[in-house]
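All remarks here apply to the structure that follows.
Position 1 is the first residue of the sequence; numbering continues from there. Hydrogens, waters and symmetry mates play no part in the numbers below; they use all other heavy atoms, side chains included. On a predicted model such as this, the values are computed, not experimentally measured, just so you know.
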Amino acid sequence: MKLYMKQKVFSLRGDFDIYDENQVPVYSVQGKLMSFGRQLRLYDSATGEELAHIKQQVMTLLPKMHVFYQNERIATISKKLTFFKQQYEIDTLGWSVEGDFFAHDYTVFDAQGRTVADINKKYLSWSDSFEVNIVQDEIDPAMVIAIVLAIDCAMDASQNS
């Protein structure tokens with residue numbers, strides 16, 4: 001399943017939609033305007049139901065994002081201290097992330113080393129646009145999108161600090 005994240009250039013809260021291959025909105029992402037640390041909420045576009053939320057842990061040396069899926073914390077994304085390339089760790093799920101984070105091209109793997117999703121930044125667009133190719137059909141796409149959003153928030157927090 002391919003989904004497309006198109007972040008708005010001029011949005012105070014960081015609101016944007018996630019589309020399917022036919023440009024139909026599948027998910028809506030809303031940021032919180034006044035908060036300590038970044039907070040995002042993922043909603044089903046058809047029903048308006050909240051599916052997941054991401055909350056940045058403040059007062060840490062390196063960025064750390066907590067991911068809640070169906071009101072249960074399923075993972076924490078942490079930037080690892082490295083000198084030559086960015087690395088992120090996903091605890092609890094047993095997933096790992098590898099790739100070129102500066103170019104926003106990376107792959108998420110499950111605990112068995114199988115590809116969960118490939119994420120690629122689309123260039124030559126007005127705003128940040130990403131293609132998320134979810135390979136494993138048995139995993140809820142909303143959960144994968146929540147993990148991808150948390151990684152994106154961690155990368156953004158790392159670059160802005």
Side-chain angles (χ1 to χ4, degrees), residues 1-58 60 63-79 88-97 99 101 104 106-112 114-122 125-158 160:
M1 164 185 257
K2 287 188 181 178
L3 297 172
Y4 299 90
M5 295 172 40
K6 296 180 181 180
Q7 298 175 345
K8 295 178 182 174
V9 175
F10 302 108
S11 173
L12 290 176
R13 294 186 336 180
D15 299 350
F16 58 94
D17 292 318
I18 298 171
Y19 301 90
D20 66 9
E21 293 179 82
N22 299 318
Q23 297 299 313
V24 175
V26 178
Y27 302 112
S28 174
V29 178
Q30 294 181 3
K32 192 168 184 180
L33 183 59
M34 301 295 275
S35 68
F36 290 104
R38 295 189 75 179
Q39 292 188 42
L40 295 175
R41 296 195 179 274
L42 179 67
Y43 297 94
D44 182 305
S45 288
T47 65
E49 174 189 8
E50 182 179 315
L51 303 172
H53 70 272
I54 296 95
K55 185 174 183 178
Q56 180 180 5
Q57 180 176 329
V58 294
T60 60
K64 187 177 283 193
M65 306 291 169
H66 298 288
V67 180
F68 298 86
Y69 172 73
Q70 298 178 345
N71 293 319
E72 181 179 326
R73 188 174 71 80
I74 60 162
T76 299
I77 312 299
S78 304
K79 182 176 184 201
Y88 295 88
E89 177 179 277
I90 304 173
D91 75 351
T92 312
L93 288 174
W95 292 5
S96 61
V97 185
F101 295 101
H104 294 300
Y106 56 93
T107 302
V108 177
F109 298 97
D110 67 11
Q112 290 75 38
R114 297 175 301 183
T115 299
V116 173
D118 291 309
I119 296 82
N120 299 294
K121 184 172 184 174
K122 295 294 176 191
S125 64
W126 179 249
S127 63
D128 284 345
S129 298
F130 302 92
E131 178 183 272
V132 180
N133 184 19
I134 301 171
V135 178
Q136 294 187 25
D137 294 331
E138 64 273 11
I139 298 175
D140 184 356
M143 187 169 80
V144 176
I145 291 297
I147 296 294
V148 170
L149 288 170
I151 293 169
D152 188 53
C153 283
M155 289 188 322
D156 187 49
S158 177
N160 290 333

Quick check: do [X] and [Y] have side-chain heavy atoms less than 4.5 Å from each other?
X	Y	value
D110	Q136	yes
Y106	V148	yes
M143	V67	no
I18	V29	yes
I151	V97	yes
L51	F68	no
T92	T76	no
M5	F16	yes

Would you confirm whether [X], through its side chain, and [Y], through its main-chain N or O, come within 3.5 Å as a donor-acceptor pair?
X	Y	result
T115	A117	no
D15	G31	yes
S45	Y27	yes
D44	A46	yes

Can a donor-acceptor pair be found between the side chains of Y69 and D140 at a distance below 3.5 Å? yes
Q39 and H53: side chain donor to acceptor below 3.5 Å: no
Drop me the distance from [X]'s [atom1] to [Y]'s [atom2], to the nearest 0.5 angstrom.
X	Y	atom1	atom2	answer
S78	M65	OG	CE	9.5 Å
D17	S28	CG	OG	5.0 Å
I77	I90	CD1	CD1	4.0 Å

If every non-hydrogen atom of Y43 is compared with every non-hydrogen atom of Q30, which pair is closest and at what distance?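 So the two residues come closest at CE1-OE1, 3.7 Å.
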Looking only at non-hydrogen atoms, find the nearest pair between M1 and P141 and report the distance.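 Smallest interatomic distance, heavy atoms only, reads SD-CG, 3.5 Å.
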Assess whether side-chain contact (heavy atoms from CB on, under 4.5 Å) is satisfied between R114 and Q112, documenting all intermediate values. CA-CA 6 Å; R114 297 175 301 183; Q112 290 75 38; 3.3 Å; yes
Among L93, V135, I147, V108, side chain to side chain contact (heavy atoms under 4.5 Å, CB included) partner for V116: V108
V132 and side chain to side chain contact (heavy atoms under 4.5 Å, CB included): which partner among I119, N120, L149? I119
Any residue meeting side chain to side chain contact (heavy atoms under 4.5 Å, CB included) with S96, in chain and number order, not counting sequence neighbours: F109
Determine, for E21 against K2, whether the closest basic-nitrogen to carboxylate-oxygen distance falls under 4.0 angstrom. no
Could you go through the side-chain contact (heavy atoms from CB on, under 4.5 Å) check for Q56 and K64 one step at a time? CA-CA 6 Å; Q56 180 180 5; K64 187 177 283 193; over 6 Å; no
